[in-house]
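Step one of this worksheet: look at the structure below.
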Amino acid sequence: MKIAFVGKGGSGKTTLSSLFIRHLAADGVPVIAVDADINQHLGAALGLDESQAAALPAMGAHLPLIKDYLRGANPRITSAETMIKTTPPGAGSRLLRVVEDNPVYAACARHVHLGDRTVRLMATGPFTESDLGVACYHSKVGAVELCLNHLVDGREEYVVVDMTAGSDSFASGMFTRFDVTFLVAEPTRKGVAVYRQYKEYARDFGVELKVVGNKVQGPDDLAFLCDQVGDDLLVTCGQSDWVRAMEKGRPAPFVELEDANRKALRTLHAAADAAYEGRDWERYTRQMVHFHLRNAESWGNGKTGVDLASQVDPGFVLSEAPATAAPQPA
């Protein structure tokens, strides 16, 4: 299951995504955590110290390897250089699975220990001095989008992505890559403004959007969120002494997280699991192709010198058991 956490800056989306990752890991569920926010705080929220977080490999730095691996033996892709962030898989492409070892994970993922469990953590990588003035945020997350396009996951396999703050993800098709999007909103006008943007942008794409009210301190806060987001409000979370201690570098065992917040995480898990029944791989593939053709026409063809529409395999539909995937190397 592919899950996104979005929200305005400071809403607590990184904290909540890290808690959800910890919850899944404690339940024994395989998890790949992805930090797709250039602020790069997910590693720290999962307990890494500054040096460990800084040592995480940047996916963007390994983009040539990612492209070459995913291209596989797909005859429609003449070279890895002609692949862009939206290139869809086809017959002969290599696909990624949550529970496997492959060169992409070897280069880009690191294991993070959460109690007696581990999760894989991947990160886009932060802006560097050389990026200033010549690169935008979306060039950084291209590797994430390409991997999501080629990733096959099952019901109790999770990819949890901490997205950039605000509504920036709508500049690409990545917002359609998820089974459920959890939008973290504070009980303020600014807190629900991003919700309104997301709701409007996602309306035509069948995006399942659930609001998680955060920093809710009483009935008035709850009433405000109910009035502003209606039935999209899934659950609320309050202040957490456990989180405060973790942010000070003194984390307690996860089992000591407050009962109310543990219950909220179970609600998120149940909502994500329920979304499995609504999976539509044909629509997923169709949307993938839609955004690829848009990107090809607007800038991809000019950049690569290739008609990127030719990369689309009209007979290919991504699924949990694709018959057309290339064999994995030994």
Side-chain angles (χ1 to χ4, degrees), residues 2 4 17-18 21 25 30-74 77 79-90 92-114 117-131 135 137-153 157-164 172 174 177 304 318 322 325-330:
K2 301 181 185 75
S17 61
S18 72
I21 290 163
V31 182
I32 294 176
V34 182
D35 193 341
D37 189 335
I38 56 172
N39 291 320
Q40 302 288 283
H41 294 316
L42 184 58
L46 291 173
L48 300 185
D49 61 30
E50 287 187 17
S51 62
Q52 291 171 324
L56 289 171
M59 294 179 69
H62 295 282
L63 191 54
L65 178 151
I66 293 171
K67 289 180 176 181
D68 189 62
Y69 178 77
L70 297 178
R71 180 170 74 98
N74 187 336
I77 304 175
S79 69
E81 289 74 22
T82 63
M83 294 179 75
I84 62 174
K85 63 182 182 178
T86 53
T87 296
S93 295
R94 290 195 184 103
L95 305 177
L96 303 174
R97 295 183 181 273
V98 174
V99 182
E100 68 172 6
D101 294 317
N102 59 55
V104 173
Y105 294 162
C108 301
R110 294 295 179 265
H111 285 96
V112 176
H113 297 280
L114 301 175
R117 306 286 185 176
T118 61
V119 301
R120 280 186 169 122
L121 173 61
M122 304 170 73
T124 60
F127 267 120
T128 64
E129 188 173 323
S130 62
D131 292 321
Y137 166 77
H138 308 289
S139 68
K140 290 292 186 180
V141 299
V144 177
E145 187 167 355
L146 191 59
C147 286
L148 289 176
N149 280 356
H150 289 74
L151 193 144
V152 178
D153 53 301
E157 298 175 331
Y158 276 79
V159 180
V160 180
V161 183
D162 180 23
M163 300 282 280
T164 186
S172 73
M174 197 159 73
R177 303 295 84 203
T304 63
L318 198 66
Q328 305 296 305

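One finds a salt bridge joining Asp101 and Arg120 here, because a Lys/Arg side-chain nitrogen approaches an Asp/Glu carboxylate oxygen to under 4.0 Å.
Shortest non-hydrogen contact noted between Cys108 and Pro57 is O-CG, 3.5 Å. The nearest pair of heavy atoms linking Cys147 to Val104 is SG-CG1, 4.2 Å. Closest approach of Ala123 and Gln40 over heavy atoms only: CB-OE1, 3.3 Å. Among all heavy-atom pairs drawn from Val99 and Pro30, the shortest one is CG2-CB, 3.6 Å. Scanning both residues, Leu151 and Leu318, for their nearest heavy atoms gives O-CD2, 3.9 Å. Nearest heavy atom pair, residue Leu146 against residue Thr87, reads CD1-O, 3.6 Å.
Between Arg110 and the options Val119, Leu48, Leu56, a side-chain contact (heavy atoms from CB on, under 4.5 Å) holds for only Leu56. Checked options Val144, Leu96, Val34; the residue passing with Val159 is Val34 (criterion: side-chain contact (heavy atoms from CB on, under 4.5 Å)).
With contacts defined as side-chain heavy-atom distances shorter than 4.5 Å, the pair Arg177/Asn149 qualifies. Side-chain contact between Glu145 and Thr86 is present, with at least one heavy-atom pair separated by less than 4.5 Å. Using a 4.5 Å cut-off on side-chain heavy atoms (C-beta onward), Leu70 and Ser93 make no contact. Leu46 places a side-chain heavy atom less than 4.5 Å from the side chain of Ile21. In this structure the side chain of Val31 never reaches within 4.5 angstrom of the side chain of Leu114, judged on heavy atoms.
Distance check, rounded to the nearest 0.5 Å: CE of Met83 to CD1 of Ile77 gives 4.5 Å. Rounding to the nearest 0.5 angstrom, the gap separating the CG atom in Leu121 from the CG atom in Leu42 is 5.5 Å. Rounded to the nearest 0.5 angstrom, Lys2 NZ and Ile32 CD1 are separated by 10.0 Å. Remark: Asp68 CG to His62 NE2 distance equals 14.0 Å, nearest 0.5 Å. To the nearest 0.5 Å, atoms CZ (Arg71) and CD1 (Ile66) are separated by 15.0 Å.
Although no hydrogens or angles enter the test, the distance criterion places a donor-acceptor pair under 3.5 Å between the side chain of Gln52 and the main chain of Asp49. Between the side chain of Arg94 and the backbone N or O of Tyr69 there is at least one donor-acceptor pair closer than 3.5 Å. Judged purely by atom type and a 3.5 angstrom limit, Asp35 has no side-chain atom pairing as donor or acceptor with the backbone of Thr124.
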